[in-house]
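These notes are about the structure you will find just below.
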Amino acid sequence: QVQLVESGGGLVQAGGSLRLSCAASGRTFNYHMGWFRQVPGKEREFVGAISNGGRSTYYPDFVKGRFTASRDNAKNTVYLQMNSLKPEDTAVYSCAAAPSNRWPPGSYAYWGQGTQVTVSS
């Protein structure tokens, strides 16, 4: 069982940066970790993933070059550095843990509650 708690969200101006954190209660080195976002009324959207050892990452095209996932397994924490933020990046951002038997992850077993990111124009 893994419990995930996100933090670091907030209000930022367009062009600014935020770093989200995802703290895990268990031993996350067995899991690949992903980041997702969701806007009310829209489907959840994948924004990045990092492998269990941290050596591989995977991003959709619309965040490549702007978002960077990293992790510190000693601290059981995963990060999402978001730069050059745009108003359309406004959403609730959540982290999730996936079994490490497949890369990129096919499904995620555990989810956090999310943290709100608001980008003003």
Side-chain angles (χ1 to χ4, degrees):
Q1 189 79 10
V2 176
Q3 292 184 325
L4 306 173
V5 179
E6 301 91 342
S7 61
L11 174 64
V12 64
Q13 288 189 332
S17 299
L18 278 176
R19 189 178 80 156
L20 306 182
S21 298
C22 172
S25 63
R27 299 166 67 183
T28 58
F29 63 82
N30 285 327
Y31 295 89
H32 300 319
M33 298 297 293
W35 286 96
F36 295 79
R37 68 187 186 188
Q38 190 165 23
V39 175
K42 294 188 177 181
E43 290 190 358
R44 185 166 54 204
E45 191 172 49
F46 169 75
V47 297
I50 185 166
S51 61
N52 56 335
R55 284 180 286 185
S56 297
T57 54
Y58 178 68
Y59 306 98
D61 287 344
F62 62 87
V63 303
K64 279 183 181 177
R66 298 193 302 125
F67 290 11
T68 303
S70 61
R71 65 192 298 163
D72 185 340
N73 285 341
K75 296 181 178 180
N76 285 339
T77 302
V78 181
Y79 305 97
L80 183 68
Q81 178 68 42
M82 304 186 295
N83 299 328
S84 302
L85 284 162
K86 306 174 183 180
E88 52 265 42
D89 293 320
T90 295
V92 174
Y93 285 72
S94 300
C95 62
S100 60
N101 59 332
R102 174 180 171 179
W103 180 259
S107 62
Y108 289 81
Y110 304 102
W111 293 82
Q113 292 296 310
T115 184
Q116 176 70 45
V117 171
T118 303
V119 185
S120 63
S121 58

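Closest non-hydrogen pair, Pro105 versus His32, comes out as CG-CB, 3.7 Å. The minimum heavy-atom distance between Val2 and Ser25, with the atom names listed, is C-OG, 4.0 Å.
For the pair Met82/Val47, no side-chain contact is recorded, criterion being any heavy-atom separation below 4.5 Å from C-beta on. In this structure, the side chains of Tyr93 and Glu6 stay at 4.5 Å or more apart for every pair of heavy atoms. Annotation: side chain of Trp35 is in contact with side chain of Cys95 (closest heavy-atom distance under 4.5 Å). Between Asp72 and Tyr79, the closest side-chain pair of non-hydrogen atoms falls below 4.5 Å.
Separating the OH atom in Tyr58 from the CZ atom in Phe46 is a distance of 6.0 Å, to the nearest 0.5 Å. Distance check, rounded to the nearest 0.5 Å: CD of Gln38 to CD of Glu45 gives 10.0 Å. Distance check: Asn76 CG to Tyr31 OH gives 11.5 Å after rounding to the nearest 0.5 Å.
Atom CD of Gln3 is surrounded by 12 or fewer heavy atoms from other residues, nucleotides or ligands within 6.0 Å. The local environment of CD in Glu88 is crowded, with over 12 non-hydrogen atoms from other residues, nucleotides or ligands closer than 6.0 Å.
The six-membered or imidazole ring of Phe36 lies near that of Trp111, with a centre-to-centre distance under 6.0 Å.
The same ILVMFWY cluster, assembled from side-chain heavy atoms under 4.5 Å apart, contains both Leu85 and Leu80. Leu4 and Val92 end up in different hydrophobic clusters when Ile, Leu, Val, Met, Phe, Trp and Tyr side chains are linked at under 4.5 Å.
We find that Lys64 and Asp61 are joined by a salt bridge, their nearest charged nitrogen and carboxylate oxygen being less than 4.0 Å apart.
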